[in-house]
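Here is the structure we will look at, set down as structure tokens.
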Amino acid sequence: MRRTLAALLLTATLVAIKPAAVEAAVLGDVVPAPVTVQPAAGVSYTFAANAAIYAGAGAAEEATYLAGLLHLPIASSPASISLLLNGAVGGEGYQLDVTTAGITIAAQTRAGLFHGIQTLRQLLPPTIENGTSQPAQWTVAGGRIVDYPRFAYRGVMLDVARHFQPVANVKRYLDQVALYKINTFHFHLSDDQGWRIVVDGWPRLATVGGSTQVGGGAGGYYTKAQYQDIVAYAAQRHITVVPEIDMPGHTNAALASYAELNCNGVAPPLYTGTGVGFSNLCTSKEVVYTFVQNVLAELAAITPGPYLHLGGDEADTLTAAQYATFMNRVQPMVPALGKTVIGWHQIAPVQHSPNRIMQYWGTTTSDSAVTNAVGRGARVILSPANKAYLDMKYTSSTPIGQSWAGLIEVQTAYEWNPGAYLSGVAATAVLGVEAPLWTETIVTADHIEFMAFPRLPALAELAWSPWSTHSWTSFRQRLGQQGPRWTLMGIDYYRSPQVPWAPLPGPGGRFEAENATISQGVAESNHAGFSGTGFVNYNNVSGSYVEWALPSAASSITIRYANGTTTNRPMNVNGALVDFPGTGSWTTWATRTVAVSGSIIRATATTSAGGPNVDYLEVNS
Ligand code: NGO
């Protein structure tokens with residue numbers, strides 16, 4: 001552990017953060033890496049004041065989406081950006097051409113256009129993400145990108161059972177993952193702690209089973225209309241929703257709602273802890289199969305996508321024979337409803353059902369039951385828990401998350417090959433990659449973002465980009481360019497010290513505290529997670545300060561700080577007393593945005609315990 005931490009600190013020390021420069025991104029410097037990039041030397045396209053978007057036949061919805069992102073009008077003839085459904089690249093692929101005359105995205109499908117738009121978005125300055133219109137004088141480097149996915153299934157999962165998430169948080173996550181060409185949203189709708197979707201024939205599932213969550217909070221559930229609203233929102237982003245009803249284990253919320261689903265006919269109390277493997281539907285009762293049939297039929301009726309996920313993990317209170325009896329009856333219900341079965345890989349030993357898919361979440365690289373099921377025709381989605389679980393902590397000091405499958409820094413999430421991961425499972429049997437986010441410790445949208453970013457883009461690149469492009473050296477640079485974009489999108493991400501985070505664009509970009517004028521404090525480098533070469537410790541003296549001299553006047557700045565206690569350590573920022581609430585750990589960095597005026601910014605400690613540690617200042621405007 002000591003060595004690892006030392007290595008991380010060394011990495012951070014070697015990363016020189018350059019001041020912001022407003023120049024065109026290198027063509028192809030996007031995540032996930034494109035299949036081929038051919039830059040055209042000396043060619044670029046600069047948007048004029050009358051920039052607009054042209055939608056070719058059938059491309060109106062994607063044009064409207066892009067117009068909303070860029071705050072540009074739609075034109076009726078070829079314009080600065082043209083979206084054309086006449087491309088040479090099929091499926092979800094696209095071709096992007098940048099010439100002196102304009103930008104063209106061509107594809108054969110709307111999904112292809114949408115993915116091309118995500119590439120273009122990343123070639124434009126991060127400031128396009130700040131939600132306001134701005135002078136469109138952006139310059140994009142010339143050339144051609146031809147791009148298409150390695151795997152058909154590129155997923156994220158959100159567990160809304162352990163902690164319920166309002167519709168707005170789900171949509172926010174869908175928006176964020178669309179930027180990385182994710183095309184599947186696995187919706188973990190039921191577990192021991194909560195049932196989150198209305199089933200008309202079994203109404204107590206939602207009203208009773210949905211009435212709490214981990215820790216005993218109010219929980220919640222989605223009406224069918226809300227679920228369909230999410231499905232439609234996802235579809236506009238070319239994301240397919242895969243609903244999961246976990247069974248026969250992970251069913252306490254259902255068992256608490258209906259006594260007859262229990263072998264002893266007694267409903268257990270609702271459960272608000274974080275244990276697993278203790279509940280099961282009664283596999284010998286006929287009513288259980290009626291229940292499952294009704295639930296799956298109602299869910300299939302509101303789910304346009306091709307899959308239903310049956311869960312199937314950790315039914316630890318059943319014998320293998322009871323489990324097989326249950327699954328062998330339930331699996332065929334899914335094709336009968338016109339859908340394809342997905343299950344966690346514990347379904348491997350039971351009978352094959354046409355096209356069924358196993359989601360591998362183990363922590364080893366071989367599993368004979370999975371290999372055997374693949375031999376019988378099953379396909380695999382890879383979510384190895386020690387690589388792809390977004391609920392695992394990054395380091396031992398990550399404030400939220402679990403660590404049962406290991407610590408997953410961004411490089412660990414990136415360094416594996418899904419096409420050659422499980423022994424005896426050929427790349428042709430791999431449908432794709434999914435990044436699950438379990439929510440035992442994840443409560444808010446900020447928590448979701450902090451755990452997903454920057455690892456989700458790493459997993460998205462594994463799912464989309466050809467293995468020939470795989471390079472940690474290249475990826476970490478491209479990933480670092482995403483940071484300012486996330487800041488402007490309001491994404492609260494983990495500033496991994498493995499990544500050279502680019503400065504926020506602005507009048508002056510980022511200014512490290514250790515390079516500013518320091519009075520009484522000291523520059524140090526003994527806490528992980530800082531940017532640049534270190535941070536400033538106010539050294540327990542009231543009146544010590546860090547003073548930045550900016551190249552021009554700023555009106556809004558953001559200070560990054562850490563305060564190892566939970567106590568607020570206010571500082572005087574240019575005459576105003578500003579709260580810097582405790583972050584709970586000296587390696588947990590937070591940001592505080594402050595309105596200022598002028599180009600000299602002084603942050604002065606005002607308590608006898610000094611101020612918080614300060615990492616840097618960023619100029620917002
Ligand atoms: C396991 C378990 C889940 C937990 C998760 C936490 C699977 C498939 N079943 O993954 O119930 O929430 O770990 O990391």
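Ring-centre distance between Y65 and F114: below the 6.0 Å cut-off.
Side chains of N563 and T565: a donor on one and an acceptor on the other come within 3.5 Å. With 3.5 Å as the limit, one finds a donor-acceptor pair spanning the side chains of T587 and S397. Inspection of the T363 and K387 side chains reveals no N or O donor paired with an N or O acceptor under 3.5 Å. Counting only N and O atoms by type, the side chains of Y494 and E449 include no donor and acceptor under 3.5 Å apart.
For the pair T583 (side chain) and A590 (backbone), a donor-acceptor distance under 3.5 Å is absent. Y561 places a side-chain N or O within 3.5 Å of a backbone atom of P581 that can act as its donor or acceptor partner. For the pair Q402 (side chain) and W438 (backbone), a donor-acceptor distance under 3.5 Å is absent. Although no hydrogens or angles enter the test, the distance criterion places no donor-acceptor pair under 3.5 Å between the side chain of S544 and the main chain of N540. T46 places no side-chain N or O within 3.5 Å of a backbone atom of T139 that could act as its donor or acceptor partner. Using modelled atom types, no side-chain atom of S403 and backbone atom of G406 make a donor-acceptor pair closer than 3.5 Å.
Within the model, atoms OG of S80 and CH2 of W138 stand 9.5 Å from one another, a figure rounded to the nearest 0.5 Å. For the atom pair L382 CG and T365 OG1, the distance stands at 11.0 Å (nearest 0.5 Å). Residue E547 holds its CD atom at 11.5 Å from CG of L617, rounded to the nearest 0.5 Å. For the atom pair L27 CG and T119 OG1, the distance stands at 9.5 Å (nearest 0.5 Å). Here K181 contributes atom NZ and R237 contributes atom CZ; the two are 16.0 Å apart, rounded to the nearest 0.5 Å. D97 CG to I103 CD1: the interatomic distance, rounded to the nearest 0.5 Å, is 10.5 Å.
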Discussion item. Apply side-chain contact (heavy atoms from CB on, under 4.5 Å) to residues D579 and R592 and explain how you reach the verdict.
Written reply: CA-CA 9 Å; D579 285 341; R592 185 82 172 80; 4.3 Å; yes
Discussion item. The test is side chain to side chain donor-acceptor pair (under 3.5 Å); show your working for S542 and T607 and say whether it passes.
Written reply: CA-CA 5 Å; S542 174; T607 72; over 6 Å; no
Worksheet item: Should D159 and R162 be marked as a salt bridge (charged side-chain N to carboxylate O under 4.0 Å, His left out) after you check the CA-CA gap, both sets of side-chain angles, and the distance that decides it?
Response: CA-CA 6 Å; D159 167 11; R162 271 53 177 272; 3.0 Å; yes
Item to complete: Just do the side-chain contact (heavy atoms from CB on, under 4.5 Å) check on H163 and I442 with the steps written out, would you?
Response: CA-CA 7 Å; H163 279 103; I442 310 301; 5.6 Å; no
Practice prompt. List the steps, then state whether side chain to side chain donor-acceptor pair (under 3.5 Å) holds for E62 with H238.
Written response: CA-CA 10 Å; E62 276 57 48; H238 298 279; 2.8 Å; yes
Discussion item. As a quick check of understanding, evaluate side-chain contact (heavy atoms from CB on, under 4.5 Å) for L462 and W416, giving each step before the final call.
Written reply: CA-CA 8 Å; L462 293 182; W416 59 288; 3.1 Å; yes
Worksheet entry | E461 and R154: CA distance, side-chain angles, deciding distance, salt bridge (charged side-chain N to carboxylate O under 4.0 Å, His left out) verdict | CA-CA 9 Å; E461 175 148 316; R154 304 180 305 280; over 6 Å; no
Discussion item. For a side chain to side chain donor-acceptor pair (under 3.5 Å) check, start with the C-alpha distance between D175 and Y233, then their side-chain angles and the critical distance, and finish with the verdict.
Written reply: CA-CA 9 Å; D175 274 332; Y233 194 85; 2.6 Å; yes
Discussion item. Test side chain to side chain donor-acceptor pair (under 3.5 Å) on D29 and Q481; report intermediate values, then the result.
Written reply: CA-CA 8 Å; D29 259 7; Q481 300 297 323; 5.8 Å; no
Discussion item. For a side-chain contact (heavy atoms from CB on, under 4.5 Å) check, start with the C-alpha distance between D147 and L96, then their side-chain angles and the critical distance, and finish with the verdict.
Written reply: CA-CA 8 Å; D147 200 14; L96 179 116; over 6 Å; no
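Within the 4.5 Å cutoff, side-chain heavy atoms of L179 are placed close to those of R485. With contacts defined as side-chain heavy-atom distances shorter than 4.5 Å, the pair I105/Q95 does not qualify. A heavy-atom distance below 4.5 Å is not found between the side chains of P457 and Y414. Looking at V546 and T517, their side chains never come closer than 4.5 Å, going by heavy atoms from C-beta outward. Residues L83 and T104 are not in side-chain contact: their nearest non-hydrogen atoms beyond the backbone lie 4.5 Å or more apart. Residues F450 and T398 meet the side-chain proximity criterion, which asks for heavy atoms closer than 4.5 Å. Taking 4.5 Å as the limit, some side-chain heavy atom of F453 sits within range of a side-chain heavy atom of Q176. Residues L70 and L124 meet the side-chain proximity criterion, which asks for heavy atoms closer than 4.5 Å.
Under the 30°/60° scheme for interplanar angles, the aromatic rings of W486 and Y493 are found to stand perpendicular. Ring geometry for W404 against W361 counts as perpendicular: the plane angle is over 60°, on a 0 to 90° scale with 30° as the lower cut. Ring geometry for H527 versus W586: interplanar angle under 30°, hence parallel rather than tilted (30 to 60°). Taking the six-membered ring where tryptophan is involved, the planes of W467 and H470 are essentially parallel, since the angle between them stays under 30° and well short of 60°.
Scanning both residues, G534 and E514, for their nearest heavy atoms gives O-OE1, 2.7 Å. Of all heavy-atom pairs between V410 and Q498, the closest is CG1-OE1, 3.2 Å. Taking both residues in full, the closest heavy atoms of Y389 and S383 are given as CE1-O, 3.6 Å, listed atom of the first, atom of the second, then distance. Closest approach of T412 and L407 over heavy atoms only: CG2-O, 4.4 Å. Counting all heavy atoms, side chain and backbone alike, V541 lies closest to Q520 at CG1-OE1, 3.3 Å. The shortest heavy-atom contact between L123 and G28 is CD2-N, 3.9 Å.
Under a cutoff of 6.0 Å and an axis angle of 45°, R455 and Y394 form a cation-pi pair. R569 forms no cation-pi arrangement with F580, by the criterion of a distance under 6.0 Å to the ring centre and an angle within 45° of the ring axis.
Results of the ring pair (Phe, Tyr, Trp, His ring centres under 6.0 Å) test with H115 over Y180, W464, Y94, Y148 single out W464 as the only residue that passes.
The existence of a salt bridge linking R121 and E129 is confirmed by a sub-4.0 Å separation between a basic side-chain nitrogen and an acidic carboxylate oxygen.
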